[in-house]
Amino acid sequence: MKELLKKLIEAKSTPDVGEADCANVLAEFFTSAGIKADVEIWDTNRANITARLKSTGQKPALIFLSHLDVVPASKRGWSSDAFEATEKDGKIFGRGSCDMKGGITAAAVAMTEIAKSDAELKGDLIFAATAGEETDSIGVKKLLESFDSALCGAIVTEPTDFDLITAHRGLLWLEIITKGKTAHGSMPHLGINAIESMRAFLNELENYNISADTNELLGKASMSVNKIKGGSATNVVPDSCRAQIDIRTLPQQNHSDIIEDIKNIFSRLEKQVPDFQAELKVIRDVSAMQTDSKCEFINSLKSILERDEIKAAPFTTDGPFLAELNIPVVIFGPGKGQLCHKPDEYIDIEDLQKGINLYKQIILHFLT
Ligand SMILES: [Zn+2]
């Protein structure tokens with residue numbers, strides 16, 4: 001267990017490196033346990049891995065979904081090398097230990113232990129670890145392109161500190177680009193100032209009400225302009241300005257409606273502001289997720305795990321892509337969410353073991 005996690009941390013899988021090495025570590029682990037694993041590699045270094053324990057097929061399958069990629073780690077703040085797994089005080093430190101190579105380890109080890117046991121599976125157990133959850137969710141999209149197994153539900157192994165999470169807001173990241181025409185700064189009337197156009201747009205955006213009705217579990221939708229860039233010199237009228245907007249949505253909100261609303265602002269401004277010209281790019285688009293908290297899958301999990309409460313996550317996951325299969329999706333795994341993406345990220349070894357045990361209980365409940 002510890003060895004697998006350490007190897008996964010050391011198989012650096014930041015966006016610049018890709019997930020292939022990490023997928024190969026898992027493939028070796030499964031193969032040595034007698035389980036066939038499929039690694040799919042594309043663009044030289046991007047990768048997904050899947051493994052499956054076959055059953056009698058009397059019940060639908062259960063899938064554990066993890067992500068292979070981790071966010072980068074700067075040298076600052078780390079007590080030791082972020083990509084050299086360090087064991088200390090009952091913890092394993094390293095980038096990804098918590099988010100979410102700990103969850104990967106727990107699911108993979110649970111699978112091999114079930115395979116070794118005499119449990120007779122009536123439904124297939126599927127392990128999938130995919131690429132790019134932190135950036136473009138490309139891996140889960142690829143996984144689902146050819147996915148045709150009937151599922152009873154899905155467990156996303158993100159670090160929830162063993163809270164049962166059934167919902168999170170969606171995210172829609174947009175880039176707005178206003179266009180202009182350069183001119184000498186002393187003769188602005190000869191140019192079109194793209195920053196002025198951006199100002200006109202942002203003024204209009206301030207009046208746009210993103211919030212839908214408050215969701216009991218998720219609260220409100222939100223919108224924040226978090227990046228802006230335009231111009232090249234004090235004495236040059238800028239011909240381009242870019243702003244990035246982080247929108248967090250509720251399940252009842254349709255992302256294409258929001259995009260349409262913003263394009264309508266452009267149309268309005270084209271009529272009101274001379275030479276206004278803008279375009280919109282979608283940087284990232286992940287739907288909100290909310291699994292019916294009263295469905296059988298959730299009720300069973302609550303009783304197996306002895307949890308009364310279900311919660312919402314402040315972060316997004318690849319869960320909504322699986323929810324498109326019309327199956328209940330739950331986010332549940334070892335590790336403390338507040339350690340994610342931070343220096344000196346770690347997981348308690350005790351939590352890893354607990355994760356394995358709980359995943360095994362879940363597997364046995366739904367698949368035997
Ligand atoms: Zn994660």
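Any value given below was found using the heavy atoms of this structure, including those in side chains, with hydrogens, waters and symmetry copies removed. Indexing begins at 1, ligand by ligand and atom by atom, following the structure's order.
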Query raised in the report: For the residue pair Phe201 and Phe276, is the inter-centroid distance of their aromatic rings smaller than 6.0 Å?
Result: no
Is [X] close enough to the Zn ion (ligand 1) that one of its N, O or S atoms comes in under 2.8 Å?
| X | result |
| --- | --- |
| His67 | yes |
| Glu158 | yes |
| Glu134 | no |

Requested in this report: If the plane angle is over 60° it's perpendicular, under 30° parallel, otherwise tilted; pick one for Phe64 and Tyr359.
Outcome: perpendicular
Query raised in the report: Do we see a donor-acceptor contact under 3.5 Å between the side chains of Asp99 and His341?
Result: yes
Query raised in the report: Taking just the N, O or S atoms of Asp99, which one is nearest to the Zn ion (ligand 1)?
Result: OD1
Query - Carboxylate-amine/guanidinium contact Arg199 Glu196, below 4.0 Å - result: yes
